[in-house]
Amino acid sequence: MEGFRYMDGVSTLRLEEVACVGCGMCPTVCPHGIFTVDRGKATILDRDACMECGACAKNCPSDALSVTPGVGCASYVIQGWLGGRKELFRNISKHANV
Amino acid sequence: MGRHRYRIEPRLYAVGSPGPDSPVLVTANYKMTFDALRKELGGQNAWILVLETGGINVWCAAGKGTFGTEEVARRVKTTRLAEVVNHRRLILPQLGAPGVAAHRVREECGFSVVYGPVRAQDIPRFLTERMKTTPEMRRVVFPVSERLALAPVELAGFLRPTGWAFLALFLLAGIGPWVFSPSASWHRGLGASGVWLAGILCGAVITPVLLPWIPGRAFSAKGGLVGGCFAACIAAFFWEALGVFQGMALLVALPVISSFAAMNFTGATPFTSPSGVEKEMRRAIPLQAAAVVLAVTLWVGSTFAG
């Protein structure tokens, strides 16, 4: 997004190229257009523009993408710090019924 | 809190007079989202499949998982969509993707997912151009109009903290060599409350509006900078009346209030990552806390120095 950049080098987004099947879902769902698919493999063009929404990993049919999804929100982070264990449990149960 | 007034019943709705070949668009049961979609579809024939998201918009519900794979599959079955339409295609808003695994929806209910544009206003073009999207349709934007529209929400969020802050400020304002003075409490308290309000205004309204043009990345830094400029202007005008200690207190307090309020705005933007916000807060909170202690010390200390 032009004019809007946030912290660099923090995104938990990872792409395992070997597992990628080049289906093209990640460039479709990413709201910041950080992916491209070239010669049957996805590439991350701009990792620092990732907001960790989790859309790409959720829609990756071969589990080539992983990210710790969440909301980039100060009060959400404070809640996480205060109720660390509760939050962790909720995240685990959320992933369990995905 | 009357949230149900913004909710609509989750089921299949018709726009115009749709037939078995008409497209099916999936959305949340937040009334404003549904109305926006229905308005953009005016003049077309289409089905709208409304999911139960508890009256929450698509993006937030997808983050929570209520706008999710299971709910899509469940609603397709309960509405007997397969008997209503001939095709097996659902158009989902792109911002629902964090909650929905397109490939899993197909496995669970036989319908394949096509992600449509981010904004409802692009849907007519998307439908007429055989479900092709442009890169612009796929990107979130954050124009000044949206940042400004968030100001009342941000300010409302600070109502309760403001009540507590005023209470604390009027109490602290009365403390001095005289132990506690009601008249000092009133006069100094008014001034301090004004500084608090100015700080909130800088952090929750001015910083969001000027966001892309303020240097720096961390919201707390941007807010601190805006608050600092504002405080410098006030201090320049009232330096004589304030004196060194109160003037210094103002120069520290206003930026730190603004810094905290701006940091709070991270949650309202469509580009801040949780990892980024956490990194920012780990650095900013100790500095903000130290600045608060310094500002209070200078301010209360000014009565002893006078």
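We name chains A, B, ... by the order of the sequence lines, and we start the count at 1 in each one. Atoms considered below: every heavy atom in the structure, side chains included; atoms not considered: hydrogens, waters and symmetry mates.
Shortest non-hydrogen contact noted between A:Met51 and B:Pro274 is O-CD, 3.5 Å. Nearest heavy atom pair, residue A:Met25 against residue B:Ala102, reads CE-CB, 3.5 Å.
The main-chain N or O of A:Gly72 is never found under 3.5 Å from a side-chain atom of B:Ser273 such that the two would form a donor-acceptor pair. Judged by distance alone, with hydrogens and angles left aside, the side-chain atoms of A:His32 form a donor-acceptor pair with the main-chain N or O of B:Pro270 at under 3.5 Å. Side chain of A:Asn59 to backbone of B:Ala97: a donor-acceptor contact under 3.5 angstrom is found. Judged by distance alone, the side chain of B:Glu278 and the main-chain N or O of A:Val77 form no donor-acceptor pair under 3.5 Å.
Listed by first and then second residue, the side-chain hydrogen bond (donor to acceptor under 3.5 Å, both in side chains) pairs involving residues 217-228 of chain B are A:Asp8-B:Arg217, B:Ser220-B:Glu280 (not counting sequence neighbours).
Between the side chains of A:Thr28 and B:Gln94, no donor-acceptor pair of N or O atoms lies under 3.5 Å.
Most heavy-atom pairs under 4.5 Å with chain A: of the set B:Phe265, B:Trp59, B:Trp213, this distinction falls to B:Trp59. When B:Leu211, B:Val100, B:Leu95 are compared by the number of non-hydrogen pairs under 4.5 Å with chain A, B:Val100 comes out ahead.
With sequence neighbours excluded, no residue forms a ring-ring contact (aromatic ring centres under 6.0 Å, His included) with B:Tyr115.
Heavy atoms of B:Val105 lying under 4.5 Å from chain A are absent altogether. Of the two parts of B:Arg106, neither the backbone nor the side chain holds a non-hydrogen atom closer than 4.5 Å to a non-hydrogen atom of chain A.
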